[in-house]
Amino acid sequence: MSHYTKKDILRLVEEEDVEFIRLQFADLFGNLKNVAVTAGQLKRVLDQGYVFDGSCVEGFLHDNDMDMFLWPDLDTLAIFPWRPQQGKVARLICDIRRPDGTVYSGDPRGILKRAVKHAEELGYQFDVGPECEFFLFHTNDEGNPTTFSHERAGFFDMSPIDLGENTRRDIILTLEEMGFEVESSYHEVAPAQHQIDFRYGEALLTADNIMTFKLAVKTIAKRFGLHATFMPKPRTGMNGSSMHTNMSLSKDGKNIFQDPADPNGLSKEAYWFIGGLLKHARGMTAVTNPLVNSYKRIFPAQTMAGYTAPSYVSWSAVNRSQLIRIPALRGDNARIELRLPDPSCNPYLALAVCLEAGLDGIKNQMMPPAPADRDVRKMTEEERLASGIEPLPRNLEEALQALEADGLVREVLGEDISRSYIQAKRREWEEYCAQVSEWETEQYLYRF
């Protein structure tokens, strides 16, 4: 990441003929927001921030005085390659402050920064590598998204079967222009499903990159007349989309999760980190899997149908179906892969709760239970109970109840923001429950 001063920003904007600067931030639910200012107003914004009405932002607390300030993070300056090259458009990702200059406690980016600072106080750097999956669907005659695709490609298929290859190529070129180091891309298991992996990095940078990644994917897909969606389970009978999250801790530049003497190549800190993730997995799920639709991906009936999403709180160094697995590369590359999150999550909140759950495991030396080297989904209920393996929440309401019961996850979010988040998500669940689905009419209309 570049380290810019205000002077650097103003010089670069002038040299690159940037006319508009988008001041970006995320709301509580991971939706990207922005306001555009002209280059002529940039110095004022850098000196004073940009004031806006926080009461209009979904999930923010509705105090009487909700004037808030966007404070640009200078190191996040990037030019949008897809905008005109004369009178260019750039962006700065912003933190949110109150009028007195204090950090707004409900800023998702600020919540992750607090968790990262906690790790730094313990001497750790938290590095993260996400695996973001998405679908490319056709739009209808009005330009609205559908869940239809002509494509029938599967895992690792290539052109001409993979009809999204050119779209994926342009997405990657765009990301590289914005400073991403893209490691790989390929067609995923389901028709029209794709994955692009970019290099791991420090947690805050990674969360920023996930937000930028989603914007770039959707923007370039639209140029091809397609709709890119990060919805976890857009169609019945197909694999859902995940955001498998690879995590490691380093201290003094050394990956502390590695231990060549251990049979699994893991240090005691790695085991404790796993223990913390497992302890808080159910409480984190409402954050890492925030939609009603998220639970269609991890529901056991779906995984028993041959899909690979986790449904139980378990781990393994050899079996890929578990909630947590240990990838084969060890040594300096030793890492923990949490397979729970989906790409609809707010990455700032998701990484914050994962980090604090792992640190809780290290602080309290939580050894995980014995690894589940069998496919847990194929065990009987009696076998799972005997092994102490709990199910993940089966729906959003169960996940919210687990969040309410997990003091650490609520503390990471902050009590006020936890309350606001739970209330909003419970309304979402209740609205869903009140809907009459197509399945219901097909099953019941002619019978009763």
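What's counted below: heavy atoms across the whole structure, side chains too, no hydrogens, waters or symmetry copies.
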Visitor: Atom CG in N255, atom CG in D332: separation rounded to 0.5 Å?
Guide: 6.5 Å
Visitor: Please check if the side chain of Y295 supplies one atom and the backbone of N289 the other of a donor-acceptor pair under 3.5 Å.
Guide: yes
Visitor: Counting only N and O atoms by type, is there a donor-acceptor contact under 3.5 Å from the side chain of E133 to the main-chain atoms of S242?
Guide: yes
Visitor: Is it the case that D262 and Y271 place a side-chain donor and acceptor less than 3.5 Å from each other?
Guide: yes
Visitor: Is the shortest distance from a Lys or Arg side-chain nitrogen in D360 or K363 to a carboxylate oxygen in the other one below 4.0 Å?
Guide: no
Visitor: Could you check whether Q435 and E431, counting side-chain N and O atoms only, form a donor-acceptor pair closer than 3.5 Å?
Guide: no
Visitor: Within a strict 4.5 Å, meaning less than it, do heavy atoms of the V89 and I79 side chains meet?
Guide: no
Visitor: Taking the six-membered ring for Trp and the full ring for Phe, Tyr or His, determine whether the centres of F257 and F273 are under 6.0 Å apart.
Guide: yes
Visitor: Quick one: do S316 and I326 satisfy side chain to side chain contact (heavy atoms under 4.5 Å, CB included)? Show the steps, please.
Guide: CA-CA 7 Å; S316 175; I326 310 303; over 6 Å; no
Visitor: Report yes or no: does R98 contribute a side-chain atom to a donor-acceptor pair with the main-chain N or O of M68 at less than 3.5 Å?
Guide: no
Visitor: Step by step, would you call T245 with V128 a side chain to side chain contact (heavy atoms under 4.5 Å, CB included)?
Guide: CA-CA 7 Å; T245 304; V128 183; 3.5 Å; yes
Visitor: Enter the distance from M238:CE to S149:OG here, rounded to the nearest 0.5 Å.
Guide: 8.0 Å
Visitor: Flag the pair K425 and E428 as a salt bridge only when some basic side-chain nitrogen lies within less than 4.0 angstrom of an acidic carboxylate oxygen.
Guide: yes
Visitor: Please tell me whether E131 and N246 have a donor and an acceptor in their side chains that are separated by less than 3.5 angstrom.
Guide: yes
Visitor: Just wondering, do Y432 and L396 contact through their side chains at under 4.5 Å, heavy atoms?
Guide: no
Visitor: Regarding K233 and D342, does a basic nitrogen lie under 4.0 Å from an acidic carboxylate oxygen?
Guide: no
Visitor: For the residue pair Y104 and W71, is the inter-centroid distance of their aromatic rings smaller than 6.0 Å?
Guide: no
Visitor: Got a second to check how far L92's CG is from L23's CG, nearest 0.5 Å?
Guide: 6.5 Å
Visitor: Is the shortest distance from a Lys or Arg side-chain nitrogen in D259 or K268 to a carboxylate oxygen in the other one below 4.0 Å?
Guide: no
Visitor: Measure from the side-chain N and O atoms of R339 to the backbone N and O of Q322, and report whether any donor-acceptor pair falls under 3.5 Å.
Guide: yes
Visitor: So with a 6.0 Å cut-off around OH of Y200, is the heavy-atom count from everything else above 12?
Guide: no
Visitor: If you count heavy atoms of other groups shown closer than 6.0 angstrom to NZ of K222, is the number above 12?
Guide: no
Visitor: May I ask you to decide if A192's main-chain N or O and E151's side chain share a donor-acceptor pair within less than 3.5 Å?
Guide: yes
Visitor: Would you check if the side chain of T76 reaches a backbone N or O of P72 as a donor-acceptor pair within less than 3.5 Å?
Guide: no
Visitor: Could you tell me whether the side chain of D162 and the main chain of G164 form a donor-acceptor pair under 3.5 Å?
Guide: yes
Visitor: Do the side chains of R410 and E415 get close enough for a salt bridge, i.e. N-O under 4.0 angstrom?
Guide: yes
Visitor: Side chain to side chain contact (heavy atoms under 4.5 Å, CB included), that's the test. Do L70 and I96 meet it? Break it down for me.
Guide: CA-CA 5 Å; L70 297 176; I96 301 174; 4.1 Å; yes
Visitor: Going through the distances and angles, do L385 and E382 end up as a side chain to side chain contact (heavy atoms under 4.5 Å, CB included)?
Guide: CA-CA 5 Å; L385 286 171; E382 291 75 17; 5.7 Å; no
Visitor: Does a donor on one side chain and an acceptor on the other come within less than 3.5 Å for H194 and E188?
Guide: no
Visitor: May I ask you to check whether T167 and R223 show a side-chain donor-acceptor distance below 3.5 Å?
Guide: no
Visitor: Are F29 and Y421 near enough that their ring centres are under 6.0 Å apart?
Guide: yes
Visitor: Could you tell me whether the side chain of N264 and the main chain of A317 form a donor-acceptor pair under 3.5 Å?
Guide: no
Visitor: For the residue pair S241 and Q193, confirm or rule out a side-chain donor-acceptor distance under 3.5 Å.
Guide: yes
Visitor: Any ion pair linking D95 and K113 (charged N to carboxylate O, less than 4.0 Å)?
Guide: yes
Visitor: Atom CE of M231 and atom OG of S344: how far apart are they, to the nearest 0.5 Å?
Guide: 9.5 Å
Visitor: Salt-bridge test for R109 and D107: reply yes if a basic N is under 4.0 Å from a carboxylate O, no otherwise.
Guide: no
Visitor: Salt bridge check: are E381 and R384 linked by an N-O gap of less than 4.0 Å?
Guide: yes
Visitor: Would you check if the distance from the ring center of H150 to the ring center of H138 is below 6.0 Å?
Guide: yes
Visitor: Can you tell me if R199 uses its side chain to pair, donor with acceptor, with the backbone of G129 under 3.5 Å?
Guide: no
Visitor: State yes or no: are the ring centers of F137 and F148 separated by less than 6.0 Å?
Guide: no
Visitor: Roughly how far, to the nearest 0.5 Å, is OH of Y124 from CG of L359?
Guide: 7.5 Å
Visitor: Between R114 and E411, is there a side-chain N and carboxylate O pair less than 4.0 Å apart?
Guide: no
Visitor: Go through the side-chain N and O atoms of H280 and D406 and say whether any donor and acceptor fall under 3.5 Å apart.
Guide: yes
Visitor: Indicate yes or no: does R374 engage E383 in a salt bridge with an N to O separation below 4.0 Å.
Guide: yes
Visitor: For the side chain of D157 and the backbone of I161, is there at least one donor-acceptor N/O pair under 3.5 Å apart?
Guide: no
Visitor: Tell me which one of Y50, F69, Y348, F52 satisfies ring-ring contact (aromatic ring centres under 6.0 Å, His included) with F25.
Guide: F52
Visitor: Taking the side chain as every heavy atom from C-beta outward, state whether F134 and I196 have any atom pair closer than 4.5 Å.
Guide: yes
Visitor: Cation-pi check for Y312 against R394: NZ or CZ below 6.0 Å from the six-membered ring centre and within 45 degrees of the axis, yes or no?
Guide: yes
Visitor: Under 30°, 30 to 60°, or over 60°: which ring-plane class applies to W439 and Y444, parallel, tilted or perpendicular?
Guide: perpendicular
Visitor: With a 4.5 Å cut-off on side-chain heavy atoms, are Q24 and C94 touching?
Guide: no
Visitor: Which distance, rounded to the nearest 0.5 Å, do you find between the OG1 of T206 and the CG of D127?
Guide: 7.5 Å
Visitor: Strictly by modelled atom types, are S437 and E440 linked by a side-chain donor-acceptor pair under 3.5 Å?
Guide: yes
